[in-house]
Amino acid sequence: MSTPNPQPDPSPKATQPPPLKDWPLWEVFVRSKQGLEHKHCGSLHASDARHALQMARDVYTRRQEGVSIWVVPSNSITASNPDDKDALFEPAADKIYRHPTFYDIPDEVGHM
Amino acid sequence: MYTQSLNVQELPGQNRAAPVVSLESPELQARFDRKLKADGKIEPQDWMPAGYRKTLIRQISQHAHSEIVGMLPEGNWISRAPSLKRKAILIAKVQDEGGHGLYLYSAAETLGVGRDQMLADLHSGRAKYSSIFNYPTLNWADVGVIGWLVDGAAISNQIPLCRCSYGPYARAMIRVCKEESFHQRQGYEALLVMMQGTAAQKAMVQDAVNRFWWKCLAMFGPPDANSPHSEQAFAWGIKRISNDELRQKFIDATVPQAQVLGITLPDPKLKWNEQRQHYDHGEIDWDEFWATINGNGPCNKERLATRVKAHNDGQWVRDAALAYAQKQQAKQQKEAA
């Protein structure tokens, strides 16, 4: 349920990660049924990936909500910046010809 | 799952809160207002007024605290449940409450407050939780009544929160409400079974209802006339329906359920009002309510002490998990080098 910070420093100062101090935050994705995609369902704190999987199972799949779980460290996710929303997504708004309903097809053609 | 529509920093007798004056960028404020007006959701990365953030942190963390403190009165009965079936149901319910606490802590964390900080505030007594848990669960019927009435009142409170303007809170509430319906039904059904039992068992149900009814009505918070921050919460889209309106809805829904169950609700003034098309009801004892909120209920000290002890007793588990993760991390770094 947490949301990652937008656009973290794109140049990784990749040497070694700092030693762990607290249980880091993980994002949890659950596949509800074979053949469907994994969907984000929330977040949790856990000491490592295996621990995060165990906790995700206990918290998010108590009623057969899933057949598969992904956990991802929250700080590994790069998100778009809300301020860029218009620049990123507005240009698609006036391209209605990209949708099938834009085209009139005679009824006798039937389903197309 | 339990929220109380109440702002604990207010005390009765305080006057209407001063309107919140924004000292922040008018442009950002205007964009925020437009979004609220269009009934859009505010997300963690979006700009929001400091007062909005503060109010949400307080409300969501109180709500989370209520979930995990709410595990205690029912947890007392796990080892004493009357059958294996009831024990399994109760364990599942108490586990749900822990999960609800986690959804809510996660939602609060998106506002920039740390889990550790929230727990520290709960354990020091600075943060509040729903006052309903400061009453004891004296007999098995109490467990049924908590499901039926306490969870029932909580559901009425929480359904409008699914439409709250803050995205992560609203999403947490949707998940919670889905799970909550089982809680109410299992409680009501447990009482139905008791009502088919001996006279002593029926008397236990009536006694439990007598003790919890008024406390449940108080869960909806002070009357609208004495709820100074409500107006701002409405403007911010955090609150959707007033305390009194929710309380009335709950009473109207509960009276027929009590009739089916075969018990009476302990309010001589409870009567159908043909003109209003609602039930009229008696006065809630707000002095008792505020005394409990302010720490003088029958179980305040015990609940907090149990909660702190559970946290401290679990410290070695958290330490061990962290030590293991650190060791694995060091090992991987060594191999990579």
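Computed from heavy atoms alone, side chains included, the values below leave out hydrogens, waters and symmetry copies. Throughout, protein chains are lettered first and strands after them, A, B, ... in sequence-line order, and every chain is numbered starting at 1.
Here CG of A:L44 is found 8.0 Å from CZ of B:R115. Values are rounded to the nearest 0.5 Å. Rounding to the nearest 0.5 angstrom, the gap separating the CZ atom in B:R175 from the CD atom in A:E65 is 7.5 Å. With rounding to the nearest 0.5 angstrom, the CD atom of B:Q329 is 10.5 Å from the CG atom of A:D48. With values rounded to the nearest 0.5 angstrom, B:L102 atom CG is found 7.0 Å from A:S43 atom OG. To the nearest 0.5 Å, atoms NZ (A:K85) and CD (B:Q45) are separated by 12.0 Å.
Taking every heavy atom of both residues into account, A:V59 and B:Y103 meet most closely at O-OH, 3.4 Å.
Counted within 6.0 Å of CD on B:Q315, heavy atoms from surrounding residues, nucleotides or ligands total more than 12; the atom is thus considered enclosed. The environment of CZ in B:R185 is sparse: at most 12 heavy-atom neighbours from other residues, nucleotides or ligands sit within 6.0 Å. Crowding of A:R62 atom CZ: a count of heavy atoms from other residues, nucleotides or ligands under 6.0 Å exceeding 12.
Of the listed residues A:H51, A:R63, A:R50, the one with more heavy-atom pairs under 4.5 angstrom with chain B than any other is A:R63. Of the listed residues (B:R318, B:Q328, B:R31), the one with the most heavy-atom contacts under 4.5 Å to chain A is B:R318.
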List the atom pairs, donor and acceptor, that lie under 3.5 Å between side-chain atoms in residues 87-100 of chain A and the rest of the protein, sequence neighbours left out.
residue: A:K95; atom: NZ; partner: A:P91; partner atom: O; Å: 2.5

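Heavy atoms closer than 4.5 Å to chain A are found in both the backbone and the side chain of B:D96. Proximity to chain A (any heavy atom under 4.5 Å) is shown, for B:Y105, by neither the backbone nor the side chain.
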